[in-house]
Amino acid sequence: MRPQTLADKRPARPGPRRARTAPEREATRRGGRLRGLITVGLFLLPALVLFVLLVLAPIMLAGYSSFFKWNGFGFLPTNFIGLDNFTRMFADPIFLGDLQRGLLLIVLSLVVQLPLALGLALLLNQPLRGRAFYRLLFFAPYVLSEVITGVLFSMFLSPERGMANHLLGLVGLESLASTWLSDPSTVMYSLFLVMTWKYFGLHMILYLAGRQGIPKELIEAAQLDGASGWKVFRHVTLPLLGPTIRISVFLSVIGAIQLFDLVWVLTEGGPIHSSETMAVTMFDYGFRRYQVGYASAISVVMFLISLVFALGYQRFVMRRDTEGAITGMRDLR
């Protein structure tokens, strides 16, 4: 018998592979696409389940129950009353006052809170000594919960033992002492003071991040051209901060529309409904008076106001920002 040689041990060369036909290639692509969709669906399934249970289902239940007279007991409401809850709402002076007070908070936020945050952001962008500490100090109130903030300021603004009136007396301004949260004429401004202390740090950090994203070369070029500090701010800094300012305005308006926890801890809507917001009125009717159908109607209106504002603001105010982001994503592809 002839011994095997190395050539005999080599595996036989495979024959030429058959080229796949167009239907086979299309079937392979479809199979890969289907596997990809299944994988994405499996990863998204937990989030979708939570979104449906915690967001979509409550919205649908609130919309459904807003057409019924319901005390919240039982599986689903049965006493259908049509649009009576909405008719009652827009004839209710408390709810109409909620709209006015919400508008007041929005105007004060846009006129006072956001310019204050912008000014501090520009100041803390300068090479100041200890500016990191100041940034932390101004941002710290935002980290506190609304409940802690409300408890602190309810003690601070107490008309009898609060530090606010005591400090005014120490500096000789006793005439400015007030009952603050107990006076219908001052309660909204006191509430706005607390809101500003709590939230302006967030807007300050947003503006500070936006300011640091502006190239230094543009500022230096404007200064070399002889532009004053105000002109540099007006014609360079402010336009380039536009996207950040628009985001800040959006957050401020939506926050004022949906404000609840600070008001509830500080005043519970009093005195005499003079500090109530839509969310506080909804909670009062739903969980104190057990008029869940009417409270659901208030929640539907509040949701629609927020939705219409968000869509309109994105369509007409943030249109350039969103278009730029979408174009940038397409370029990356």
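Predicted, not measured: the structure shown is a model, and the values here were computed from it.
- No side-chain heavy atom of Leu266 sits less than 4.5 Å from a side-chain heavy atom of Leu157.
- Looking at Val280 and Leu259, their side chains never come closer than 4.5 Å, going by heavy atoms from C-beta outward.
- Cluster annotation: Val300 is not connected to Ile81 through the hydrophobic network of ILVMFWY side chains, with a link wherever side-chain heavy atoms come within less than 4.5 Å.
- Between Ser109 atom OG and Leu251 atom CG the span is 11.5 Å, to the nearest 0.5 Å.
- Side-chain contact between Leu120 and Tyr207: absent, with no pair of heavy atoms (C-beta onward) separated by less than 4.5 Å.
- Other residues, nucleotides and ligands place no more than 12 heavy atoms under 6.0 Å from the CD1 atom of Ile272.
- Using modelled atom types, one side-chain atom of Tyr313 and one backbone atom of Arg246 make a donor-acceptor pair closer than 3.5 Å.
- A distance-only check finds no donor-acceptor pair linking the side chain of Asp225 to the backbone of Ala227 [under 3.5 Å].
- Side-chain contact between Glu146 and Trp264 is absent, with no heavy-atom pair separated by less than 4.5 Å.
- The aromatic ring centroids of Phe68 and Tyr64 lie less than 6.0 Å from each other.
- Not a single donor-acceptor pair under 3.5 Å links the side chain of Thr179 to the backbone N or O of Ser182.
- Side-chain polar atoms of Thr281 and Asp98 form a donor-acceptor pair below 3.5 angstrom.
- Ring centroid separation for the pair Trp70 and Tyr294 does not come in under the 6.0 Å cut-off.
- Across every non-hydrogen atom of His203 and Ser248, the tightest pair is ND1-OG, 2.6 Å.
- Looking at Arg135, its side chain does come within 3.5 Å of a backbone N or O of Leu124 through a donor-acceptor pair.
- The CH2 atom of Trp180 sits 7.5 Å away from the OG1 atom of Thr186 when rounded to the nearest 0.5 Å.
- For residues 207-221, no pair satisfies salt bridge (Lys or Arg N to Asp or Glu O under 4.0 Å), with sequence neighbours left out.
- Nearest heavy atom pair, residue Pro93 against residue Ala91, reads CD-O, 3.4 Å.
- Cluster annotation: Phe95 and Val308 are assigned to distinct hydrophobic clusters (Ile/Leu/Val/Met/Phe/Trp/Tyr, side-chain heavy-atom contacts under 4.5 Å, transitive).
- Taking hydrophobic clusters as Ile, Leu, Val, Met, Phe, Trp and Tyr residues chained together by side-chain heavy-atom distances below 4.5 Å, Leu105 does not share a cluster with Leu193.
- Thr237 OG1 to Asn125 CG: the interatomic distance, rounded to the nearest 0.5 Å, is 9.0 Å.
- Counting heavy atoms from C-beta on, the side chains of Leu61 and Leu76 come closer than 4.5 Å.
- Ser274 contributes atom OG, which lies 11.0 Å from atom CD1 of Ile94 (distance to the nearest 0.5 angstrom).
- Looking only at distances, no side-chain donor or acceptor of Lys69 sits under 3.5 Å from a matching main-chain atom of Asn79.
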Legend entry - Verdict with supporting geometry, Leu176 and Asn165, side chain to side chain contact (heavy atoms under 4.5 Å, CB included): CA-CA 8 Å; Leu176 296 180; Asn165 288 339; over 6 Å; no

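- Shown are Ile106, Leu114, Thr244; of these, the side chain to side chain contact (heavy atoms under 4.5 Å, CB included) with Val249 is made only by Leu114.
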Inset, instruction - For side chain to side chain contact (heavy atoms under 4.5 Å, CB included), just list the numbers for Leu167 and Val171, CA-CA rounded to whole Å, side-chain angles, deciding distance to a tenth of an Å, and then say yes or no. - result: CA-CA 7 Å; Leu167 292 175; Val171 297; over 6 Å; no

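- What you find for Met195 and Gln113 is that their closest heavy atoms are O-NE2, 3.5 Å.
- Around atom CD of Gln212, more than 12 heavy atoms belonging to other residues, nucleotides or ligands sit under 6.0 Å away.
- Other residues, nucleotides and ligands contribute only 12 or fewer heavy atoms inside 6.0 Å of the CZ atom of Phe43.
- Both Phe86 and Leu307 are assigned to one and the same hydrophobic cluster, defined by single-linkage of ILVMFWY side chains at heavy-atom distances under 4.5 Å.
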Legend entry - Derivation and outcome, side chain to side chain contact (heavy atoms under 4.5 Å, CB included), residues Val292 and Tyr285: CA-CA 7 Å; Val292 178; Tyr285 278 100; over 6 Å; no

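- The aromatic rings of Phe260 and Phe283 sit tilted, their planes meeting at an angle between 30° and 60°.
- Across Leu181 and Val187, no two heavy atoms sit closer than the pair O-CG2, 3.6 Å.
- The cluster map of Ile, Leu, Val, Met, Phe, Trp and Tyr, joined by side-chain heavy atoms under 4.5 Å apart, puts Leu224 and Leu240 in different clusters.
- Taking the centre of each ring, Tyr189 and Phe192 stay at or above the 6.0 Å mark.
- Atom CZ in Phe138 sits 12.0 Å away from atom CH2 in Trp197 (nearest 0.5 Å).
- No more than 12 heavy atoms of other residues, nucleotides or ligands sit less than 6.0 Å from atom NE2 of His166.
- Put simply, the side chain of Met282 does not reach to within 4.5 Å of the side chain of Glu276, judged on heavy atoms.
- The structure places OG1 of Thr277 at 12.5 Å from CG of Leu104, a figure rounded to the nearest 0.5 Å.
- Under a cutoff of 6.0 Å and an axis angle of 45°, Arg131 and Tyr134 do not form a cation-pi pair.
- Taking all atoms of both residues into account, the shortest heavy-atom contact from Ser275 to Thr267 is OG-OG1, 2.7 Å.
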Legend entry - side chain to side chain contact (heavy atoms under 4.5 Å, CB included) between Glu174 and Leu168, intermediate numbers included: CA-CA 6 Å; Glu174 297 90 347; Leu168 289 174; over 6 Å; no

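- Within the 4.5 Å cutoff, side-chain heavy atoms of Ser145 are placed close to those of Ile148.
- In plain terms, the two heavy atoms of Gly63 and Ser66 that are nearest each other are O-OG, 2.7 Å.
- Using a 4.5 Å heavy-atom cutoff, the side chains of Thr149 and Pro141 are not in contact.
- Judged by distance alone, the side chains of Gln291 and Arg88 do bring a donor and an acceptor atom under 3.5 Å apart.
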